[in-house]
Amino acid sequence: MRAPYTEPGAASSTASFPVSDRPAAAVIDLNALSHNFKEVTRSAEGRKILAVVKAQAYGHGAREVSRCLLGLGADMLGVALVEEGRDLREAGINAPILVMGPLFPEQAGAIVSLGLTPVVFTMPVARALSLAAKERGTTVGLHVKIDTGMGRLGIDPGDAPAFITELKKLDNIAVDGLMTHFADVDLRDKQFASKQMDRFEAFLKALKARGIDVPVRHAANSAALLDFRRALFTMVRPGLMLYGYDPLEERSRGADLRPVLSLMTRIAFLKKIPAGVPISYGRTFVTKRESIVATLPLGYADGYSRGLSNKGEAIVRGMRAPVIGRVCMDMCMLDVTDIAGVHEGDEVVLIGRQGGEQITADEIAARTGTIAYEVLCGISSRIPRIYQ
């Protein structure tokens, strides 16, 4: 017979849990964000800093994070979508915003009216921007994307000088920046990254031969900023390292990064059940002993991956507890049998630190076969962000 379980005389450990409308939260440590920005500044050695805040600042919340980073001295913000730029403008953020994702000609009006800086590599988009800017009596500054080996977006380096020459003939257009993007600079072997730099530098030389000087040039993402000094031109584009994670295959020994986000919830229900009882969908876990099972009000719809079924761990009262059974849409379960004093309402840390234990997005990524970027970006809007 299954029955609710409460440890006699135990007190609920909820003192540090943030107040919200829901017993789950992503707690954003702005002091850690500030610390990481200082690490970026140190590595950038005086270059301009474009802080990448696309995908809701990698799941941390673009508005608050952007305000914080601009206050710390970021020169520009980087987003992927026009909609992301619009959201920041509607939040009252007036700083330069680079839209790095693909654009369509019909988006030109919105880009110009919002005062966004587009990344351009096709003439139809450039002409649409020229027309939209002329209609509004303004000039739109843009950056040109050079594809040196990523194979995703951008113009071939050999074609780029002629392309930029044509751009400069358009009315109401200013070519303010040049950029490229690395395919694998996070790897130990920098051979291909070096080839990409050879192509980019050859393009810059060809452009100079035409008498064209573009003031802003950027290639360095977090990995290059940490371990490929050759790519540090006039501006750098840190993303993941701002949020406390090192993207390098071999972790950098020169960077002191602190995770910014903690994912927390509370035990909603405890029950003591006998051996031989299946837990959750598909009965993929069956208790081998009398067990205390904790149900958490958080699941894959919140961004806690179903891939953590029977693989993940969480921290309760400073101890690790395994995830048992399949992670559900709105709930998941822990085996807390070996945790003394466990109580309904206890704080549970899914990402972050409690006592002497810590679970990182890197650890979750390793257990689910992905990368920390996806773990952080995947935390859904159902989880409130609380800034401390």
Side-chain angles (χ1 to χ4, degrees), residues 1-6 12-14 17-18 20-27 56 59 261-317 319-339 342-352 354 357 359-386:
M1 180 79 180
R2 306 180 193 186
Y5 176 83
T6 301
S12 174
S13 59
T14 60
F17 195 87
S20 72
D21 293 334
R22 192 179 168 212
V27 180
Q56 283 297 324
L261 181 146
S262 297
L263 180 61
M264 306 162 69
T265 187
R266 295 166 62 189
I267 294 176
F269 185 58
L270 283 172
K271 59 183 175 241
K272 182 181 285 185
I273 58 177
V277 174
I279 303 296
S280 195
Y281 292 114
R283 298 179 287 114
T284 59
F285 180 90
V286 178
T287 56
K288 297 180 176 61
R289 57 175 177 169
E290 183 178 76
S291 302
I292 302 170
V293 175
T295 299
L296 310 182
L298 176 147
Y300 61 75
D302 302 293
Y304 193 68
S305 173
R306 192 170 181 268
L308 291 165
S309 302
N310 299 307
K311 290 182 181 178
E313 291 183 314
I315 309 171
V316 182
R317 292 184 172 259
M319 295 182 62
R320 287 182 175 239
V323 174
I324 56 174
R326 285 184 180 159
V327 174
C328 310
M329 183 181 290
D330 312 300
M331 288 171 274
C332 60
M333 281 65 69
L334 304 177
D335 182 350
V336 294
T337 309
D338 297 325
I339 298 176
V342 69
H343 195 275
E344 289 178 357
D346 277 354
E347 175 187 282
V348 180
V349 172
L350 299 146
I351 300 175
Q354 188 190 75
E357 287 286 352
I359 295 173
T360 66
D362 281 331
E363 178 181 335
I364 290 175
R367 289 174 184 256
T368 54
T370 185
I371 54 178
Y373 299 80
E374 184 176 10
V375 173
L376 296 169
C377 293
I379 299 172
S380 81
S381 59
R382 298 205 324 178
I383 298 291
R385 270 61 171 177
I386 296 176

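- Surrounding CD of Glu357 are more than 12 heavy atoms belonging to other residues, nucleotides or ligands, all under 6.0 Å away.
- Using a 4.5 Å cut-off on side-chain heavy atoms (C-beta onward), Val277 and Lys271 make no contact.
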**OP:** Report the C-alpha separation of Leu261 and Ile379 in whole Å, then their side-chain angles, then the decisive distance to 0.1 Å, and conclude whether the side-chain contact (heavy atoms from CB on, under 4.5 Å) test is met.
**Re:** CA-CA 10 Å; Leu261 181 146; Ile379 299 172; 3.6 Å; yes
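- Closest approach of Ala372 and Ala365 over heavy atoms only: N-CB, 3.7 Å.
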**OP:** Go through the steps to decide whether Val323 and Tyr304 satisfy the test side-chain contact (heavy atoms from CB on, under 4.5 Å), and finish with yes or no.
**Re:** CA-CA 11 Å; Val323 174; Tyr304 193 68; 3.5 Å; yes
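- For the pair Pro278/Val286, a side-chain contact is recorded, criterion being any heavy-atom separation below 4.5 Å from C-beta on.
- Here the CG-CD1 distance, from Leu350 to Ile383, works out to 8.5 Å after rounding to the nearest 0.5 Å.
- With Arg283 contributing its side chain and Tyr281 its backbone, the two residues share no donor-acceptor pair below 3.5 Å.
- For the pair Thr284 (side chain) and Gly325 (backbone), a donor-acceptor distance under 3.5 Å is absent.
- Between atom CG of residue Asp302 and atom OG of residue Ser381 there is a gap of 9.5 Å, rounded to the nearest 0.5 Å.
- For the atom pair Thr295 OG1 and Ile267 CD1, the distance stands at 9.0 Å (nearest 0.5 Å).
- Looking at heavy atoms from C-beta onward, Leu298 lies in side-chain contact with Leu263 at the 4.5 angstrom threshold.
- Between Gln354 and Met264 there is no side-chain heavy-atom pair separated by less than 4.5 Å.
- For the residue pair Ala361 and Ile351, the shortest heavy atom distance occurs at N-CG2, 4.1 Å.
- Looking at Thr287 and Thr337, their side chains never come closer than 4.5 Å, going by heavy atoms from C-beta outward.
- The side-chain heavy atoms of Val375 and Ser305, taken from C-beta on, include no pair separated by under 4.5 Å.
- Here the shortest heavy-atom pairing between Val327 and Tyr300 reads O-CD2, 3.5 Å.
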Subject >> Trace of the side-chain contact (heavy atoms from CB on, under 4.5 Å) decision for Arg320 with Ile359 >> reply: CA-CA 9 Å; Arg320 287 182 175 239; Ile359 295 173; 3.6 Å; yes
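- Distance OG1/Thr360 to CG/Leu376: 9.5 Å, rounded to 0.5 Å.
- In this structure, CZ on Arg306 lies 13.5 Å from OG1 on Thr368, to the nearest 0.5 angstrom.
- For Arg367, the salt bridge (charged side-chain N to carboxylate O under 4.0 Å, His left out) test picks out Glu313, Glu363, with sequence neighbours left out.
- Lys288 has no carboxylate O lying under 4.0 Å from a charged side-chain N of Asp335, or vice versa, which leaves the two without a salt bridge.
- The distance from atom SG of Cys332 to atom CZ of Arg326, rounded to the nearest 0.5 Å, is 15.0 Å.
- The main-chain N or O of Arg382 is found under 3.5 Å from a side-chain atom of Ser380 such that the two form a donor-acceptor pair.
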